[in-house]
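What follows is one structure encoded as structure tokens, with my remarks underneath.
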Amino acid sequence: MQKSEGSGGTQLKNRARGDYDQRTSSSTQIKHRDAVQGSKSSLSTISPESARKLHPRPSDKLNPKTINPFGEQSRAPSAFAAIYSKGGIPCRLVHGSVKHRLQWECPPESLSFDPLLITLAEGLRETKHPYTFVSKEGFRELLLVRGASEKAVPLLPRLIPVLKTALVHSDDEVFERGLNALVQLSVVVGPSLNDHLKHLLTSGSLSIIKSKIPTYCSICC
């Protein structure tokens, strides 16, 4: 009789343990299913921008960081960026398969240099695309038009301080754009630039310029 009761007790214990194991297994499966669903839900809520940061595309390395002048910015745009976004620069950037170019709304020779040339010179200090390209190429192309010398010489007192800010900029690419613009300007205005060099090449600015690209600066000077 005792043996029968012992056998029955063992069966009850085994049955209870089986029920517990089954409940534990079911609970584990439910937790796993919830975890998978939560993971899928979190993935579905990730924005395309965040997904791009987590898994960058190979093409991201080939394309420069571009600023949308019409989009919301985290900080106030520069003067040049604000003018460009409002259509104050009469040209637009055309993306080519090999290189970019500018398309002017009207022939550049028909445009007034005041204040367009000064605005483009201010844009040389930009560090974001497309502002960097538009300011650099626009300044160069504007100085190539017929009669550029007569239009640029009266603007030298206002133009030289703007170029100086680019020449003493901490960014090497900004400095290089400013130096190239100064060389282009000197070719156009010739000796008219001499009277303004004392304002441009002060002891402080000259030391900064020479420390940037000594060989190139010696040739330009």
Side-chain angles (χ1 to χ4, degrees), residues 47-49 52 57 59-189 192-193 196 200:
S47 64
E49 183 66 24
R52 192 178 299 114
R57 297 170 298 183
S59 59
D60 292 340
K61 298 180 180 180
L62 302 177
N63 299 322
K65 186 177 181 180
T66 303
I67 296 297
N68 178 10
F70 303 100
E72 295 182 358
Q73 304 295 321
S74 59
R75 58 182 179 180
S78 64
F80 181 83
I83 294 173
Y84 181 77
S85 64
K86 294 177 181 179
I89 310 297
C91 61
R92 64 184 181 90
L93 175 64
V94 178
H95 293 273
S97 58
V98 178
K99 62 180 182 179
H100 307 320
R101 64 180 180 87
L102 290 182
Q103 180 173 327
W104 295 87
E105 297 176 359
C106 56
E109 55 269 17
S110 66
L111 297 172
S112 173
F113 277 28
D114 188 7
L116 181 56
L117 187 64
I118 298 174
T119 302
L120 291 170
E122 291 174 344
L124 297 172
R125 291 175 289 173
E126 296 290 337
T127 57
K128 301 293 185 182
H129 184 79
Y131 309 136
T132 52
F133 181 84
V134 172
S135 59
K136 176 186 67 175
E137 189 63 19
F139 188 90
R140 185 187 71 85
E141 292 186 13
L142 206 59
L143 289 178
L144 292 177
V145 303
R146 181 178 300 178
S149 177
E150 292 78 8
K151 294 180 179 181
V153 169
L155 300 179
L156 288 178
R158 297 157 56 193
L159 195 56
I160 293 304
V162 176
L163 291 178
K164 182 179 179 180
T165 59
L167 291 173
V168 298
H169 200 280
S170 58
D171 190 296
D172 290 345
E173 292 184 359
V174 173
F175 162 77
E176 186 176 351
R177 286 194 293 270
L179 190 59
N180 287 330
L182 179 60
V183 173
Q184 294 160 8
L185 182 64
S186 67
V187 172
V188 173
V189 301
S192 299
L193 187 61
H196 302 276
L200 181 65

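FYI, side chains are in, hydrogens and waters are out, and symmetry mates aren't considered; it's all heavy atoms of this structure. One is the number of the first residue; the rest follow in order along the sequence.
The closest side-chain heavy-atom distance from Tyr84 to Pro130 is below 4.5 Å. At least one side-chain heavy atom of Leu142 sits less than 4.5 Å from a side-chain heavy atom of Trp104. The shortest distance between side-chain heavy atoms of Arg158 and Asp114 falls below 4.5 Å. No side-chain heavy atom of Asn180 sits under 4.5 Å from any side-chain heavy atom of Lys136. Put simply, the side chain of Leu193 reaches to within 4.5 Å of the side chain of Leu182, judged on heavy atoms. Contact check for Leu144 versus Val188: no side-chain heavy atoms found under the 4.5 Å cut-off.
Contact record, Ala152 with Leu117: CB-CD2, 4.2 Å, taken as the closest heavy-atom pair. Across every non-hydrogen atom of Ser135 and Phe80, the tightest pair is CB-CZ, 3.9 Å. Summarising the geometry of Pro90 relative to Gly88, their closest heavy-atom pair is CD-O, 3.6 Å, with the distance given to 0.1 Å. Nearest heavy-atom pair across Gly178 and Ala166 is CA-CB, 3.9 Å. In plain terms, the two heavy atoms of Arg177 and Glu126 that are nearest each other are NH2-O, 2.5 Å. Contact between Ser112 and Leu116 at its shortest, heavy atoms only, is O-CB, 3.6 Å.
For the atom pair CG of Asp171 and CG of Leu124, the computed distance is 12.0 Å after rounding to the nearest 0.5 Å. Going from atom CD of Glu141 over to atom SG of Cys91 covers 7.5 Å, rounded to the nearest 0.5 Å. Distance CG/Leu143 to CZ/Phe113: 6.0 Å, rounded to 0.5 Å. One finds the CG atom of Leu159 at 9.5 Å from the NE2 atom of His196 (value rounded to the nearest 0.5 Å). For the atom pair CG (Leu185) and CZ (Arg140), the distance works out to 14.5 Å, reported to the nearest 0.5 Å. With values rounded to the nearest 0.5 angstrom, Ile118 atom CD1 is found 10.0 Å from Phe139 atom CZ.
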Next item on the list: Would you check, one step at a time, whether the test side-chain contact (heavy atoms from CB on, under 4.5 Å) holds for Glu173 with Thr132?
Entry: CA-CA 9 Å; Glu173 292 184 359; Thr132 52; over 6 Å; no

Checklist line | Test log, rule side-chain contact (heavy atoms from CB on, under 4.5 Å), inputs Leu179 and Leu167 | finding: CA-CA 6 Å; Leu179 190 59; Leu167 291 173; 3.9 Å; yes

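Using bins of under 30°, 30° to 60° and over 60° for the plane-to-plane angle, the ring pair His100/Phe133 lands in the perpendicular bin.
More than 12 heavy-atom neighbours from other residues, nucleotides or ligands sit within 6.0 angstrom of CD on Glu109.
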